[in-house]
Every structure is written in C-alpha cells, then in structure tokens.
Amino acid sequence: MPRMTTRLRLGYLDPFRPFCWREGNTARGSFIDALETRLSNPVSIDWQPGDLAELPALLATGQIDAIAAKAMTPARAGLLTFSEPLLQTAAALFVAAGGTAPALTCAGTAVIATPASGPLPGIIRQQAPRSRLLLTKGYDDTLAALLSGRADLAA
C-alpha cells in the first residue's frame with residue numbers, strides 16, 4: 001500500500017533573518033531548518049510568507065494550517081495554541097552604526113521602536129518604564145524608524 005504524504009501549509013514571518021525569510025520561492029533560515037528537521041516523513045510543507053499582521057488573518061481564514069516562528073506572549077496565549085519551543089532566542093536592542101546599545105533597564109527616556117504585534121512591547125514597558133514606545137507594523141519598519149532617527153533604539 002502506498003504511503004500517503006501529509007501536506008502542511010505553514011505561514012512564517014518574512015523577512016525575519018536569521019530565523020526565516022524568502023529567497024526566490026524557497027523558505028530559508030535557522031527556524032525553517034529546525035522545523036523541517038523535526039517533522040518526520042511523510043510530511044510535505046508548503047511555506048507561506050507573510051508579515052506580523054497578515055499571518056493570523058491567513059490562519060483565521062484557513063489559508064494556512066499553522067504559523068511557524070511565532071513568539072509566545074500573554075496576549076497570544078488565549079488565541080493560539082503553541083508547541084514546545086523549537087529554538088531558544090533572545091531579544092536584542094539595536095542602535096545605529098557607531099553607537100552602543102544599553103541594557104533595556106538602562107534605556108532611560110529613549111524612544112524604542114518595536115513591532116506592535118511582536119513579543120516585546122510588554123517587556124519594554126515593564127523593564128524601561130520611562131522610555132517612549134514607538135509601535136511599528138513589523139521588523140522592517142522598526143529598523144527603518146531607527147535608521148531614520150525617529151527611534152533611538154530598535155527591539
């Protein structure tokens with residue numbers, strides 16, 4: 001009897017280097033590699049790139065079966081079901097070239113840009129209460145805010 005292949009439609013954040021991004025029509029990155037390694041045959045993955053806002057909409061409308069590379073946050077806990085973490089990562093603060101990023105607790109009154117639907121706004125508010133949060137649509141917008149001078153730090 002022939003073995004059936006399960007097709008899984010997975011949405012992923014693009015671009016989110018070095019974890020996941022699209023190169024031509026191929027999904028690349030350390031998270032993509034980790035997930036493909038852990039899924040056993042006969043699973044075939046159809047990777048669907050998207051941004052922070054469109055991935056939940058694709059899931060809600062049934063266009064994808066799951067979202068890969070999504071951080072667990074308290075706000076998402078009641079909306080999504082999470083697997084065990086596949087990769088452990090750490091958030092970082094970025095500054096323009098030539099600068100030095102402080103520890104988050106030492107950010108003072110800095111303007112810190114970060115995606116509104118990402119995992120960091122609550123952490124920033126808690127650990128850097130005097131800072132001003134600039135919420136963006138995604139990681140590209142966050143880095144653009146830093147490079148344009150609208151933000152002192154990007155997270």
Side-chain angles (χ1 to χ4, degrees), residues 1-95 101 103-104 107 111-128 131-148 150-151 153-155:
M1 178 174 217
R3 201 168 171 182
M4 298 282 295
T5 299
T6 301
R7 294 197 74 71
L8 186 59
R9 299 168 302 162
L10 288 180
Y12 68 97
L13 185 59
D14 177 47
F16 190 41
R17 291 179 183 260
F19 306 109
C20 40
W21 71 91
R22 177 179 33 194
E23 193 172 285
N25 289 326
T26 304
R28 299 273 188 229
S30 58
F31 188 85
I32 303 297
D33 294 341
L35 190 54
E36 287 181 341
T37 298
R38 290 191 186 196
L39 289 175
S40 60
N41 285 333
V43 174
S44 174
I45 303 173
D46 291 331
W47 291 103
Q48 172 65 49
D51 64 31
L52 286 170
E54 57 190 352
L55 288 174
L58 291 172
L59 183 63
T61 59
Q63 295 175 61
I64 58 175
D65 301 310
I67 301 172
K70 195 79 167 159
M72 289 186 262
T73 66
R76 293 177 185 152
L79 301 173
L80 301 170
T81 301
F82 290 91
S83 70
E84 291 297 316
L86 296 173
L87 289 178
Q88 294 294 332
T89 62
L93 290 177
F94 298 89
V95 295
L104 182 57
V111 176
I112 304 174
T114 195
S117 59
L120 299 177
I123 294 168
I124 293 169
R125 286 184 181 108
Q126 181 183 40
Q127 294 188 17
S131 69
R132 189 172 64 109
L133 208 49
L134 175 61
L135 298 176
T136 63
K137 290 166 72 174
Y139 290 103
D140 286 346
D141 294 336
T142 296
L143 291 175
L146 174 66
L147 296 175
S148 71
R150 292 183 295 128
L153 302 165

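- Across every non-hydrogen atom of P56 and A53, the tightest pair is CD-O, 3.5 Å.
- Rounding to the nearest 0.5 Å gives a distance of 11.5 Å between OG of S30 and CG of L35.
- With L104 as reference, I124 is the one residue of I124, L120, L153 to meet the side-chain contact (heavy atoms from CB on, under 4.5 Å) rule.
- At least one donor-acceptor pair under 3.5 Å links the side chain of D65 to the backbone N or O of R9.
- Partners of Q127 according to the side chain to side chain donor-acceptor pair (under 3.5 Å) rule, which considers only residues two or more places apart in sequence or in another chain, do not exist here.
- For the atom pair D51 CG and L58 CG, the distance stands at 9.0 Å (nearest 0.5 Å).
- A distance of 5.0 Å separates CG of L55 from CD1 of I67, quoted to the nearest 0.5 Å.
- In plain terms, the two heavy atoms of L93 and A103 that are nearest each other are CD1-C, 4.3 Å.
- Nearest heavy-atom pair, G138 versus L52, reported as atom, atom and distance to 0.1 Å: CA-CD1, 4.1 Å.
- Taken to the nearest 0.5 Å, the OH atom of Y12 stands 6.0 Å off from the CD1 atom of I32.
- Summarising the geometry of A151 relative to L134, their closest heavy-atom pair is CB-CD2, 4.3 Å, with the distance given to 0.1 Å.
- A side-chain hydrogen bond (donor to acceptor under 3.5 Å, both in side chains) check over residues 137-146, counting only residues at least two apart or in different chains, returns the pairs T136-T142.
- Atoms CZ and CG, from F19 and D14 in turn, are 14.5 Å apart once rounded to the nearest 0.5 Å.
- Listed by chain and number, the residues in a side chain to side chain donor-acceptor pair (under 3.5 Å) with S148 are R150 (sequence neighbours excluded).
- Between atom CD1 of residue I45 and atom OG1 of residue T6 there is a gap of 11.0 Å, rounded to the nearest 0.5 Å.
- Sorted by first then second residue, the salt bridge (Lys or Arg N to Asp or Glu O under 4.0 Å) pairs that include residues 52-64, not counting sequence neighbours, number zero.
- Not counting sequence neighbours, the partners of R125 by the side chain to side chain contact (heavy atoms under 4.5 Å, CB included) test are P121, L133, L135.
- Remark: W21 engages no residue in a ring pair (Phe, Tyr, Trp, His ring centres under 6.0 Å) (not counting sequence neighbours).
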